[in-house]
Amino acid sequence: MSDVIRLLPDSVANQIAAGEVIQRPASVIKELVENAVDAGATDIQIVIKDAGKTLIQVLDNGVGMSETDVRMAFERHATSKIQNADDLFTLHTMGFRGEALPSICAISEVEVRTRKADSAMGTRLLILGSKVIEQEPVVCETGTVISVRKIFFNVPARRKFLKSDSVELSNIMREFERLALVNNNVRMRIDNGVRNIDLRPASLRLRIEDIWKNNLKSDHLIPVDVDTSLVKIEGFVSRPEYARRRNPLQFLIVNGRNMRHPYFHKAILSCFEGLIASDTQPNYFMRFNVDPSTIDVNIHPTKNEIKFEYEQQIWPILVSAVKTALGKYSAVPSIDFSVDAIPLDPVRDGENPIAPNVSYRGDYNPFKSERPSSSRVDSNWDKLYDAFFHKSDIRADVDYSLNENDLPRNFNGDSNMEHAENGPLPHIFEDHSQSDITSVCMQFAGKYIVTGSRDGLLIIDQHRAHVKILFEEYLGRFERTDFISQPLMFPELISLDSMQQAALKEVESELGRIGFSIEYDSENTWRISSIPAIIKQSEARDVVLRILDSVTVDSENYGKENDISISLSRRIALVLARSAAIRRGQKLSATEMESLISALFALPDPAFTPNGNLVYTVLNEDKIIHMFT
């Protein structure tokens with residue numbers, strides 16, 4: 001019997017390793033820039049064509065490589081960063097595994113030009129799919145220039161699953177931001193085909209402002225600084241009033257390396273409890289300096305997952321530092337007990353506070369009871385029950401009480417479960433008309449519509465139901481180009497970063513089809529002069545930003561709410577539907593609930609939203625009986 005176990009060729013092994021190390025063009029940029037930083041570069045330039053699919057070029061003024069070193073650099077597990085296993089616990093460089101360059105050349109065409117300062121001539125090396133094509137002396141500047149072309153040319157399945165140019169460019173810019181933030185003492189430049197960015201060496205605060213100057217100002221940040229024998233923590237958190245609902249800027253850095261650490265992320269969020277709305281998150285930029293021997297960076301090839309030996313001891317230090325900073329800079333609200341009365345929070349119309357039309361009594365005593373007359377109490381009971389039942393349907397022998405915990409586990413308000421507990425729900429009214437639905441409806445918890453059906457108690461998420469209805473309506477309008485444009489008397493200005501500008505370029509024609517008119521105004525600023533009549537002017541800016549975010553979002557990095565791989569028109573229709581749909585907590589009349597139910601079950605597939613979230617569930621008789629046994 002012949003032997004069947006073979007040693008894989010290096011080219012195949014490199015392609016396998018590339019599956020983990022090089023996931024997309026942004027991964028190439030990360031590895032090449034980190035190598036340039038390890039080489040002592042103080043000026044790094046990145047050139048991108050076609051979102052990295054055609055060309056990724058990184059130029060640096062580092063120490064360069066000799067003729068032998070440049071050839072060895074592309075051999076698997078060849079590195080200058082460590083000599084033995086003990087060096088893993090004293091790492092001061094970004095790279096050390098010796099896998100990045102071999103992985104890159106295994107799935108692309110790589111050209112290298114490099115020269116050391118003490119050499120008269122440099123070296124040019126050309127590699128195609130791990131095979132060295134050419135090596136020759138060349139005249140070039142001190143440092144290294146690496147050009148990566150035709151990424152994934154020999155792995156068609158990987159190239160096929162690359163996202164659109166706007167998504168890949170968005171990932172590139174996010175990676176550039178992370179690298180520029182960590183290496184704030186290095187000049188970082190990028191030409192992404194849309195615009196040029198040039199970041200000069202600066203302090204951490206100035207580098208943050210330079211990168212996100214359109215969306216974040218220096219006075220939005222609160223400094224955090226603590227130094228202990230275990231860890232030194234420094235950086236910035238945003239003031240509570242600048243917390244974000246979308247795309248918060250959150251960065252954790254340890255010993256000059258970006259990292260993902262859910263434990264420390266949760267620690268920072270806990271400091272803002274009670275200071276920000278539950279659906280927002282703060283921006284933060286935190287740097288940790290610890291003894292390299294107390295962390296392990298050799299967990300994943302991307303080196304972004306890091307294990308801390310003393311993470312439980314660092315937690316209270318981090319929490320104390322952030323809370324101290326919030327208190328020191330008066331970010332925590334205070335109460336003035338010297339005044340006679342404290343005004344209520346202003347009523348809000350969108351984002352603009354409007355003073356309520358109320359008066360305040362300085363002699364008010366909260367402990368003095370002012371019970372209304374019995375006639376007044378009686379007159380209010382009818383209004384209270386009108387929103388829940390028709391009075392003729394209320395029976396004295398039935399307990400109508402129900403709390404939110406009684407709902408099925410797969411149907412909580414913000415649940416992202418794609419299917420019901422026992423698989424996808426059947427179409428309840430598949431063989432029956434809408435007359436199978438009882439006309440009695442009630443609204444529960446301001447979120448759900450509860451009514452009867454032939455198969456049991458029907459519970460509908462009112463927001464998701466309306467999103468589904470509007471999505472189908474807007475999608476039909478897209479096909480007919482049936483949108484009415486509404487000019488704005490006062491155009492609204494919107495600031496866009498480089499990723500959003502790239503996304504706008506891709507969706508500009510589609511936005512024009514549905515009624516948006518967006519014109520360039522000045523540097524990084526655009527003017528919205530008309531909008532579709534189906535949205536309000538107060539929502540125009542937010543809707544445009546959501547559309548741009550939906551275009552650049554990568555479903556692998558975001559939750560189910562954004563996990564929708566559909567065409568551009570469907571993405572825009574979904575954003576418009578979410579913006580215009582009724583909200584959870586909005587009170588509905590009986591007529592409105594009946595109309596919503598009728599419109600929902602007139603659709604061919606009412607059970608799920610466009611991205612697979614459950615719209616309704618049914619408590620059948622067996623489940624109800626089980627609840628009472």
Side-chain angles (χ1 to χ4, degrees), residues 14 17-18 20-48 52 56-65 69-70 72-82 87-88 90-108 110 112 114 143-148 151 171-190 197 199 201 204 207 211 251-261 287-289 292 295-306:
N14 288 338
E20 289 184 318
V21 180
I22 308 302
Q23 300 170 358
R24 54 179 5 113
S27 306
V28 175
I29 291 173
K30 172 184 179 295
E31 299 296 343
L32 296 184
V33 170
E34 287 183 349
N35 280 343
V37 171
D38 288 341
T42 59
D43 189 340
I44 300 174
Q45 183 177 2
I46 305 168
V47 178
I48 305 296
I56 301 170
Q57 188 176 64
V58 176
L59 305 87
D60 70 67
N61 64 345
V63 296
M65 292 179 282
D69 284 345
V70 70
M72 283 293 297
F74 290 90
E75 296 294 330
R76 196 159 179 241
H77 302 312
T79 180
S80 62
K81 316 297 173 60
I82 62 174
D87 293 341
L88 290 172
T90 57
L91 282 175
H92 294 282
T93 58
M94 297 296 100
F96 58 88
R97 297 171 65 100
E99 288 185 340
L101 291 180
S103 297
I104 293 171
C105 72
I107 46 86
S108 63
V110 178
V112 185
T114 183
T144 302
V145 178
I146 299 183
S147 304
V148 179
I151 187 171
N171 280 280
I172 288 172
M173 294 310 299
R174 288 193 184 98
E175 192 62 56
F176 175 77
E177 290 170 355
R178 284 190 284 263
L179 293 166
L181 183 68
V182 170
N183 303 291
N184 57 288
N185 59 333
V186 177
R187 183 183 182 185
M188 300 282 289
R189 293 179 285 170
I190 186 169
I197 299 175
L199 302 176
L204 180 61
R207 176 56 63 91
I211 298 174
F251 295 89
L252 295 174
I253 303 167
V254 58
N255 293 359
R257 186 189 304 275
N258 281 296
M259 68 171 175
R260 291 189 298 266
H261 205 290
R287 295 200 295 197
F288 298 73
N289 286 295
I295 60 174
D296 185 2
V297 300
N298 191 30
I299 296 177
H300 191 274
T302 60
K303 303 181 283 291
N304 286 330
E305 299 176 15
I306 297 175

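Residues: numbered from 1 along the sequence shown. In what follows, every heavy atom counts, from backbone to side chain, and hydrogens, waters and symmetry copies are set aside.
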Next item on the list: Could you tell me the separation between the CD1 atom of I22 and the CD1 atom of I104, rounded to the nearest 0.5 Å?
Entry: 4.5 Å
Note to self: What I'd like to find out is whether the side chain of N35 reaches to under 4.5 Å of the side chain of T144, using heavy atoms alone.
What the structure shows: no
Next item on the list: Output yes when E177 and R174 qualify as a salt bridge under the 4.0 Å nitrogen-oxygen rule, no when they do not.
Entry: no
Check: Once you round to the nearest 0.5 Å, how far does CD1 of I172 lie from CD1 of I48?
Finding: 4.5 Å
Notebook entry, point to check: Within a strict 4.5 Å, meaning less than it, do heavy atoms of the M259 and F288 side chains meet?
Noted result: yes
Next item on the list: Give, for atom CD1 of I44 and atom CG of N61, the distance between the pair rounded to the nearest 0.5 Å.
Entry: 8.0 Å
Item checked: Short side-chain to backbone donor-acceptor contact, N171 and A26, under 3.5 Å -> no
Check: Can you find a heavy atom in the side chain of V145 that is under 4.5 Å from one in the side chain of Q57?
Finding: yes
Checklist line | Heavy-atom side-chain proximity of R24 to E175 below 4.5 angstrom | finding: no
Check: Are any non-hydrogen side-chain atoms of L59 and V47 less than 4.5 angstrom apart?
Finding: yes
Check: Got a second to check how far I295's CD1 is from H261's NE2, nearest 0.5 Å?
Finding: 10.0 Å
Check: Of I46, I211, L181, which is the lone residue that meets side-chain contact (heavy atoms from CB on, under 4.5 Å) with F176?
Finding: I46
Note to self: Counting C-beta onward and ignoring hydrogens, is there a side-chain heavy-atom pair between R178 and I253 closer than 4.5 Å?
What the structure shows: no
Next item on the list: Side-chain contact test, heavy atoms from C-beta onward, threshold under 4.5 Å: evaluate it for D60 versus D43 and give yes or no.
Entry: no
Item checked: Within-4.5 Å side-chain heavy-atom neighbours: N258 and K30 -> no
Margin query: Is it the case that the side chain of T42 and the backbone of V186 share a donor-acceptor pair, with hydrogens and angles ignored and the cut-off at 3.5 Å?
Written below: no
